[in-house]
Chemist: 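What follows is a structure written as C-alpha cells; I'll ask about it next.
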Amino acid sequence: MLDTMTVTKVAASLCMSLLVLLLGQWVADGLYSMDQGNEYGPAYVIDLGDTGGEVEEDTGPVFAELYAVADVGSGERVFGKCKACHALDQGANGTGPYLYGVVGRNVDAAEGFGYSGALSEVVDVWTPEHLDAFLLKPKTYAPGTTMSFNGLAKPEDRANVIAYLDATDGEMTEVSAPEAGDEEDGASLDTGDGETDVASTDEAAAE
C-alpha cells in the first residue's frame with residue numbers, strides 16, 4: 001500500500017505536468033495563431049515583396065534579330081520538309097504553290113494555283129514577319145486554310161527557312177526591329193521548345 005505522502009506527491013506531479021502542458025499550449029497559440037482578431041496577432045510576417053504589379057512576360061527572341069543572323073544553309077535543311085508539297089522553280093505548282101520569290105509577293109500570286117481565299121482575308125503580302133506568324137500555326141493564323149501543316153515551333157527554324165526562301169530570287173528582304181513598346185506587325189511568339197511534325201512549310205500551300 002502506498003502511504004499518503006507518496007500519493008500526494010504523485011498527484012502533485014500530475015497536476016504540475018498538466019499545468020505546464022496547458023501553459024505551453026496557451027503560449028503556442030499566442031505565438032502562431034493566424035487569427036488576426038486575437039490580442040497578439042501573428043508573431044512575425046514574411047515579406048513576399050510587391051506582388052501587386054504586372055509581371056513582365058518573356059516574349060522570347062525578336063524575329064528581326066533572328067532574321068538578321070539567319071542561316072540560309074540551315075533553312076535549306078528545314079525546307080526539306082516542304083518538298084513534298086512545294087517546289088522552288090517558278091511556275092512549278094504542286095499540292096501547294098511554287099515558292100520562288102515568295103518573300104515579298106502577294107499571297108495569291110502563284111500563277112496557275114487555285115487558292116481557297118482564306119489567306120487573302122488575313123494578309124495581302126508575304127513579308128518575312130507575316131510568314132513567321134503563318135509558319136508558327138497556319139490554321140490559327142488563317143482559319144479555313146486547307147494547308148496540311150502543323151507549324152514550326154522553333155523561331156530559329158522559321159527565320160532560317162524564310163531567309164532561304166528569300167534568297168531564291170537573289171533579293172534579300174530587310175526586316176526592321178520594332179520600336180520599344182510596339183508590337184511587331186505579323187510577328188509571332190514561340191510557344192514551345194520542340195518542333196511540331198509538319199507535312200510542308202510556307203505559304204498558303206493548299207490554301
Side-chain angles (χ1 to χ4, degrees), residues 54 57-67 70 74-75 77-88 90-166 168-169 173-179 181-207:
E54 295 183 359
E57 181 181 1
D58 182 9
T59 58
V62 176
F63 174 74
E65 297 174 355
L66 293 176
Y67 197 67
S74 295
R77 290 190 289 273
V78 176
F79 183 73
K81 300 168 183 161
C82 315
K83 292 181 178 179
C85 297
H86 295 278
L88 291 177
Q90 188 168 5
N93 294 317
T95 303
Y98 70 86
L99 299 181
Y100 175 84
V102 64
V103 181
R105 82 182 185 196
N106 292 339
V107 297
D108 56 356
E111 302 87 349
F113 184 80
Y115 293 90
S116 68
L119 268 171
S120 60
E121 297 179 1
V122 180
V123 63
D124 296 326
V125 178
W126 277 133
T127 64
E129 295 91 343
H130 285 309
L131 283 169
D132 176 57
F134 175 67
L135 291 176
L136 176 61
K137 287 185 178 179
K139 292 186 181 298
T140 299
Y141 182 77
T145 181
T146 57
M147 181 171 177
S148 56
F149 170 49
N150 292 328
L152 289 173
K154 293 182 179 179
E156 293 83 2
D157 284 349
R158 298 196 301 272
N160 290 338
V161 76
I162 294 169
Y164 172 66
L165 294 171
D166 197 8
T168 59
D169 59 2
T173 304
E174 294 185 2
V175 176
S176 300
E179 296 293 334
D182 293 339
E183 293 182 359
E184 187 174 357
D185 182 27
S188 57
L189 303 180
D190 187 19
T191 60
D193 296 328
E195 179 180 327
T196 58
D197 295 333
V198 296
S200 60
T201 62
D202 214 333
E203 141 174 44
E207 191 218 353

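Being a predicted model, the structure only gives us computed values, none of them experimental.
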Chemist: Decide yes or no for W126 and V103: does some side-chain heavy atom of the first lie under 4.5 Å from some side-chain heavy atom of the second?
Modeler: no
Chemist: What residues form a side chain to side chain donor-acceptor pair (under 3.5 Å) with T140, not counting sequence neighbours?
Modeler: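 Side chain to side chain donor-acceptor pair (under 3.5 Å) check on T140 returns nothing, list empty.
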Chemist: Over all heavy atoms of both residues, which pair between R158 and L152 is shortest? Give the atoms and the distance, please.
Modeler: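 In terms of heavy atoms, the two residues are closest at NH1-O, 2.8 Å.
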Chemist: Within the 4.5 Å heavy-atom criterion, are F63 and I162 side-chain neighbours or not?
Modeler: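 Yes; the side chains approach each other to less than 4.5 Å.
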Chemist: Nearest 0.5 Å please: distance from the CG atom of L136 over to the CG atom of L131.
Modeler: 12.5 Å
Chemist: Are side-chain N/O atoms of Y67 and D132 paired as donor and acceptor at under 3.5 Å?
Modeler: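 Absent: no donor and acceptor within the cut-off.
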Chemist: Quick check for you: to the nearest 0.5 Å, what is the distance between N150 atom CG and K139 atom NZ?
Modeler: 8.5 Å
Chemist: P97 and Y115: which non-hydrogen atoms are nearest, and at how many Å?
Modeler: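 Where P97 meets Y115 most closely, the heavy atoms are CB-OH, 3.6 Å.
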Chemist: Do you know which two heavy atoms are closest between N93 and G112, and how far apart they sit?
Modeler: ND2-C, 3.5 Å
Chemist: Taking all heavy atoms of A118 and all of V122, pick out the closest pair and write down the distance.
Modeler: O-CG2, 3.7 Å
Chemist: What's the verdict on side chain to side chain contact (heavy atoms under 4.5 Å, CB included) for N160 and L66, showing C-alpha distance, side-chain angles and the deciding distance?
Modeler: CA-CA 8 Å; N160 290 338; L66 293 176; over 6 Å; no
Chemist: OG1 of T95 to CE of M147: how many Å apart, nearest 0.5 Å?
Modeler: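 The CE atom of M147 is 10.5 Å from OG1 of T95, to the nearest 0.5 Å.
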Chemist: Looking at every heavy atom in both A87 and A92, which two are closest together, and how far apart are they?
Modeler: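 What the structure gives for the nearest pair is CB-O, 3.5 Å.
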Chemist: Rounded to the nearest 0.5 Å, what's the gap from NE2 on H130 to CG on L119? Could you check?
Modeler: 11.0 Å
Chemist: According to the interplanar angle, ranging from 0 to 90°, do the rings of F134 and Y141 count as parallel (below 30°), tilted (30 to 60°) or perpendicular (above 60°)?
Modeler: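 The rings of F134 and Y141 stand perpendicular, inter-plane angle above 60°.
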Chemist: Looking at OH of Y164 and CG of L99, how far apart are the two atoms once the value is rounded to the nearest 0.5 Å?
Modeler: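 Nearest 0.5 Å value for the OH-CG distance: 10.0 Å.
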Chemist: Compare every heavy atom of A110 with every heavy atom of R105, then report the nearest pair and how far apart it is.
Modeler: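 Heavy-atom minimum between the residues: NH2-CB, 3.7 Å.
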